[in-house]
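What follows is a short report on a single structure.
Numbering starts at 1 and runs along the sequence shown. Basis for what follows: all heavy atoms, side chains included, without hydrogens, waters or symmetry-related copies. Whatever order the structure lists ligands and atoms in, that order sets their numbers, starting from 1.
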Amino acid sequence: MERIAIELGDVQETLLSTLYARAVETRKKHGILRDPKAVEMVERIDYDFTKFDGSPTLVASVMRTLLLDEWVRGFLSLHPKGTVVEVGAGLNTRFERVDNGRTHWVDLDLPDSMKLRERFFTESDRRRMVAASVLDDSWHEVVRALPAPYFFVSEGVLLYLDETDVRNALGRVAQGFPGARIAFDTAGRWMVEHQDDAMFKKRVAATYAWHCDDPEEVQRWDVGLRLTESRTLLQLPRALRSRLPVLTRLALSGIKLFYGRKARVFLVNLFESQPSLRANRR
Ligand SMILES: C[S@@+](CC[C@H](N)C(=O)[O-])C[C@H]1O[C@@H](n2cnc3c(N)ncnc32)[C@H](O)[C@@H]1O
């Protein structure tokens with residue numbers, strides 16, 4: 001079968017590393033995530049994925065995925081017909097993993113990433129695919145036409161943007177969708193400063209731009225976001241942690257002991273939009 005050639009910008013190319021992380025985990029005998037479509041996509045795309053082999057960020061990325069999947073499932077259990085917006089969707093298969101048969105869904109990404117996504121995914125009466133940047137508002141109308149409440153999830157995306165852009169984009173979502181949940185990961189300062197260290201085997205040109213060790217900082221931006229939960233990958237909920245292989249759990253405990261605060265490598269954060277918070281302070 002002919003392999004699919006890719007034409008992606010630098011940040012867009014990073015969608016291939018998170019895709020590969022899910023494929024590698026799926027191929028493991030006792031992997032913690034099942035994503036057969038990721039395996040299929042890796043086989044179809046003409047790209048040297050093996051350059052990521054051995055990078056510790058592969059398993060970190062899968063742990064982040066598991067936690068975000070759990071939060072989306074939690075939302076859908078309370079609001080089965082609500083709308084989930086996957087911001088910077090890449091080739092993520094979260095819809096396939098968590099779909100309850102009733103939710104509405106929007107996958108949003110930049111035009112070149114979306115063009116690749118369209119090779120593998122199609123729209124349906126409950127699922128839309130939108131080519132746009134999180135930094136503009138053109139896509140808000142598409143979301144607003146779908147049933148509330150809303151859950152925005154953005155995995156491995158905002159950390160590539162400048163802090164000012166993140167602040168503006170989150171502020172507009174908070175103001176436009178009162179009561180929405182917004183989940184996204186941040187990279188700690190240590191991670192951003194050490195991203196090019198050989199041990200991380202980054203192997204792509206894109207660089208993390210925004211560091212955030214303390215998600216309460218985002219709440220203090222005063223854009224109408226209230227922090228409801230934040231976890232480092234070392235503080236996964238018990239049910240998720242128990243799915244990790246014993247050796248991974250031991251390694252995580254060792255990292256925590258050895259690196260202390262530096263272990264705030266990636267944080268996964270959940271906010272609720274409360275535009276009134278902003279109004280009250282003015
Ligand atoms: C590391 S990949 C993560 C992809 C996907 N979330 C996942 O977990 O596999 C980063 C993604 O962010 C997208 N992205 C970067 N800047 C963006 C922007 N301004 N608006 C929307 N998506 C963006 C890229 O195109 C890419 O798909």
**Fill in**
Taking only non-hydrogen atoms of Q12 and a 4.0 Å limit, the atoms of ligand 1 in range are 24 (C), 25 (O)
**Interatomic distance, K28 atom NZ to L33 atom CG [nearest 0.5 angstrom]** = 10.0 Å
**Item:** Element-labelled atoms of ligand 1 that are located less than 4.0 Å from some non-hydrogen atom of V11
**Value:** 15 (C)
**Asked** Got the closest protein heavy atom to atom 26 (C) of ligand 1, with its distance?
**Response** D109 OD2, 3.7 Å
**Prompt:** How long is the span from the CZ atom in F95 to the NZ atom in K37, to the nearest 0.5 Å?
**Reply:** 11.0 Å
**Item:** Nearest-neighbour protein heavy atom for atom 2 (S) of ligand 1, which is reported as residue plus atom name and distance
**Value:** T14 OG1, 3.2 Å
**Asked** Just which atoms of ligand 1 are under 4.0 Å from any heavy atom in V157?
**Response** 11 (C), 12 (O), 14 (N), 23 (C)
**Request:** State if R22 counts as touching ligand 1 under the rule of any non-hydrogen atom under 4.0 Å.
**Result:** yes
**Prompt:** With a distance cut-off below 6.0 Å to the six-membered ring centre and an angular limit of 45° from the axis, does R44 pair with F120 as a cation-pi contact?
**Reply:** no
**Prompt:** Given the side-chain rings of F152 and F184, with only the six-membered ring counted for Trp, is the space between their centroids under 6.0 Å?
**Reply:** no
**Asked** Would you call D35 and R97 a salt bridge, taking side-chain N to carboxylate O under 4.0 Å as the test?
**Response** yes
**Asked** Is a salt bridge present between E118 and K115, judged by a nitrogen-to-oxygen distance below 4.0 Å?
**Response** no
**Message:** Considering non-hydrogen atoms of the protein only, which is the closest contact for atom 17 (C) of ligand 1, and what is the distance?
**Reply:** L110 CD1, 3.6 Å
**Complete:** shortest atom 8 (O) of ligand 1-to-protein heavy-atom contact is with N92 ND2, 3.2 Å
**Message:** Would you say the ring centers of F151 and H79 fall short of 6.0 Å from each other?
**Reply:** no
**Asked** What residue and heavy atom of the protein are closest to atom 19 (N) of ligand 1, and at what distance?
**Response** S133 OG, 3.0 Å
**Item:** Distance from atom 4 (C) of ligand 1 to nearest protein heavy atom, with residue and atom
**Value:** G88 O, 3.4 Å
**Prompt:** What protein heavy atom sits nearest atom 21 (C) of ligand 1, and how far away is it?
**Reply:** V134 N, 3.6 Å
**Prompt:** What residues form a side chain to side chain donor-acceptor pair (under 3.5 Å) with E229, not counting sequence neighbours?
**Reply:** R231
**Message:** How far is atom 9 (O) of ligand 1 from the closest protein heavy atom, and which atom is that?
**Reply:** T18 OG1, 2.8 Å
**Complete:** Any heavy atom of S61 under 4.0 Å from ligand 1? The part involved is neither
**Message:** Any carboxylate oxygen within less than 4.0 angstrom of a Lys/Arg side-chain nitrogen, looking at D107 and R128?
**Reply:** no
